[in-house]
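This report concerns only the one structure given below.
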Amino acid sequence: MEATAAASRVVSAPENPPNPWIPRRFRVAARKQETSDTFSIELADAGGEEHEGFSFRPGQFNMLYAFGVGESAISISGDPAAGGQPVHTIRVVGTVTRALGALRRGDVLGVRGPFGSAWPVEEAAGRDVIVVAGGIGLAPLRPALHQLFADRARFGRITLLYGARTPRDLLFGDDLDRWSRRRNTGVQVIVDVAGPSWHGNVGVVTSLFKRVHIDGPDTVALICGPEVMMRFTAVELLQREVPIDAIHVSLERNMKCATGFCGHCQYGPAFVCKDGPVFPFARVKPWFMVREL
Amino acid sequence: MQTRDLEKYVAEHPFFAGLKSDYVKLISGCAQNAAFNKGEHLFREGDPANQFFLIRFGRIAIDIPVPHGGAITVQTLEPGDIVGWSWLFPPFAWTFDARALELTRVIAMDGACLRGKCDADTALGYDLVRRFSAVIAERLQATRLQLLDVYGTVKG
Ligand SMILES: Cc1cc2nc3c(=O)[nH]c(=O)nc-3n(C[C@H](O)[C@H](O)[C@H](O)COP(=O)(O)OP(=O)(O)OC[C@H]3O[C@@H](n4cnc5c(N)ncnc54)[C@H](O)[C@@H]3O)c2cc1C
Ligand code: FES
């Protein structure tokens with residue numbers, strides 16, 4: 001153990017950052033079932049006190065390795081100010097995410113990261129911010145929302161538009177409640193279909209644009225969700241004169257190396273892992289309409 | 001309610017934005033004020049569609065009845081929205097339910113009365129059909145997105 005601890009100390013020293021190819025061991029410190037197919041896990045460094053804390057910028061992701069099964073790119077969904085313990089919110093869609101979903105408190109997994117670009121929260125200071133999330137897309141946006149609300153006075157009006165499939169698929173209800181009570185803030189939630197007990201909005205997320213006031217030229221937009229939804233959202237924002245350079249989207253592509261070497265995540269001339277996942281919309285717009293990409 | 005008030009509400013409703021004042025006056029003759037309590041239906045699937053509604057206040061759920069009772073809500077509408085275009089086309093029957101989610105005030109426009117005025121003045125008819133087409137196109141687009149079930153099959 002002595003030797004391992006010493007080696008870990010060297011690996012995590014600031015002048016010698018963690019090798020991006022080698023997963024660090026983390027333990028599941030807490031697990032929460034968010035919806036029927038989505039859960040959150042909070043991870044604690046299983047390397048012990050010899051490891052440094054875990055810091056990241058909102059929008060970045062980790063590669064989570066379910067030992068013996070495989071690796072998936074998963075955004076960090078916790079509060080960047082909380083430090084130390086990364087939180088991930090994961091929807092079970094296939095082999096790796098199912099294996100990650102089977103992990104219980106105390107189980108160990110591998111973590112590489114954080115990787116990728118961040119939401120331009122700093123650049124939004126002094127301006128209005130509109131955040132548009134669809135489905136699990138709220139997870140990568142939550143750290144940005146935490147950061148915006150932590151420094152509330154530095155931003156103008158904050159608007160969150162969040163669409164999900166049904167009321168049962170809505171994530172982070174407590175956060176939504178808390179944010180909606182903040183000053184100069186609008187939170188609008190909408191679902192595609194609902195039963196009669198739901199008294200909120202029903203329809204597509206873009207139909208919420210009619211319900212909010214947007215001071216287009218002075219607004220920064222952060223969007224994450226299915227690509228179709230992001231495309232239609234960008235159109236609405238452009239119609240409301242939000243400058244194209246002020247619109248930012250987060251993209252997903254299959255990943256392997258996450259470090260810009262293997263080419264798995266190529267999107268036009270960009271690599272999503274290294275140049276993204278957060279891109280200015282102007283940069284990716286030409287490829288948004290290419291069908292096979 | 002005074003006719004003048006009705007005219008004012010019709011003129012101010014976003015659906016009729018920019019409509020010539022002569023036409024506002026003309027169609028206000030087909031307008032009537034109405035209110036629905038929470039849970040009350042404006043109409044149900046299969047009912048004759050002889051009206052449409054301009055929402056002034058409150059919220060409306062558009063429900064599609066499903067087998068074994070119950071219904072699923074596929075859209076909610078708010079002040080500034082309109083409800084229904086089935087009054088425009090045969091067989092003039094509603095294809096969904098409309099239910100007030102809270103106390104809702106509307107201007108109910110009589111379909112037969114409006115059709116009569118549109119037939120008599122085709123310029124008015126053209127203007128109205130264009131307005132309805134825009135709403136229908138928007139709803140069709142939204143329905144397509146809902147049918148894609150983007151959150152169900154593709155992740156963000
Ligand atoms: C930068 C980035 C950030 C991401 N952040 C998150 C996150 O925060 N939370 C999260 O749950 N997921 C996130 N993802 C998606 C996640 O990486 C994939 O869902 C995961 O890798 C799927 O692996 P799997 O082995 O479970 O599924 P696979 O076995 O690879 O796939 C199983 C089935 O699911 C389908 N599938 C695969 N990927 C997706 C997908 N993304 N959406 C829908 N269907 C899919 C496949 O077509 C296949 O039919 C992110 C992806 C990227 C690139
Ligand atoms: S995942 Fe290898 S280049 Fe991006």
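First the proteins, then the strands, lettered A, B, ... as listed; each starts at 1.
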> Hey, what do you get for CD (Gln75(B)) to CG (Asp192(A)), rounding to the nearest 0.5 Å?
Replying inline: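 The CD atom of Gln75(B) sits 11.5 Å away from the CG atom of Asp192(A).
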> Which heavy atom in Met229(A) sits nearest to a heavy atom in Tyr151(B), and how many Å separate them?
Replying inline: CG-OH, 4.2 Å
>> Could you report the tightest heavy-atom contact between Ala71(B) and Pro196(A), atom names first, then the distance?
In response: O-CD, 3.5 Å
Would the number of heavy atoms belonging to other residues, nucleotides or ligands and lying under 6.0 Å from [atom1] of [X] be above 12?
| X | atom1 | value |
| --- | --- | --- |
| Arg105(B) | CZ | no |
| Asn254(A) | CG | no |
| Lys256(A) | NZ | no |
| Glu241(A) | CD | no |

> Does the side chain of Lys210(A) come within less than 4.5 Å of Glu138(B)'s, by heavy atoms?
Replying inline: yes
> Do Asn201(A) and Glu78(B) touch side chain to side chain, with heavy atoms closer than 4.5 Å?
Replying inline: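 The answer is yes; the side chains approach within 4.5 Å.
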>> Heavy-atom cut-off 4.5 Å, strictly under: side chain, backbone, both or neither for Arg99(B) against chain A?
In response: side chain
> In terms of heavy-atom proximity below 4.5 Å to chain A, should Glu102(B) be classed as side chain, backbone, both, or neither?
Replying inline: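 Interface part for Glu102(B): neither.
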> What option among Ser207(A), Ser75(A), Gly200(A) has the most heavy-atom pairs under 4.5 Å with chain B?
Replying inline: Gly200(A)
>> Quick check for you: among Met230(A), His199(A), Arg211(A), which has the greatest number of heavy-atom pairs under 4.5 Å with chain B?
In response: Arg211(A)
> Looking at Leu145(B), Ile62(B), Ile72(B), which makes the most heavy-atom pairs under 4.5 Å with chain A?
Replying inline: Leu145(B)
> Top residue by heavy-atom pair count (under 4.5 Å) with chain A, among Asp81(B), Ile64(B), Leu101(B)?
Replying inline: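 Most pairs with chain A among the choices: Asp81(B).
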>> At a 4.5 Å cut-off on heavy atoms, which part of Val228(A) comes close to chain B: side chain, backbone, both, or neither?
In response: side chain
> Counting N and O atoms only, with roles assigned by atom type, does the side chain of Thr76(B) sit under 3.5 Å from a partner on the main chain of Val202(A), one being a donor and the other an acceptor?
Replying inline: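 Between the backbone of Val202(A) and the side chain of Thr76(B) there is a qualifying donor-acceptor contact (under 3.5 Å).
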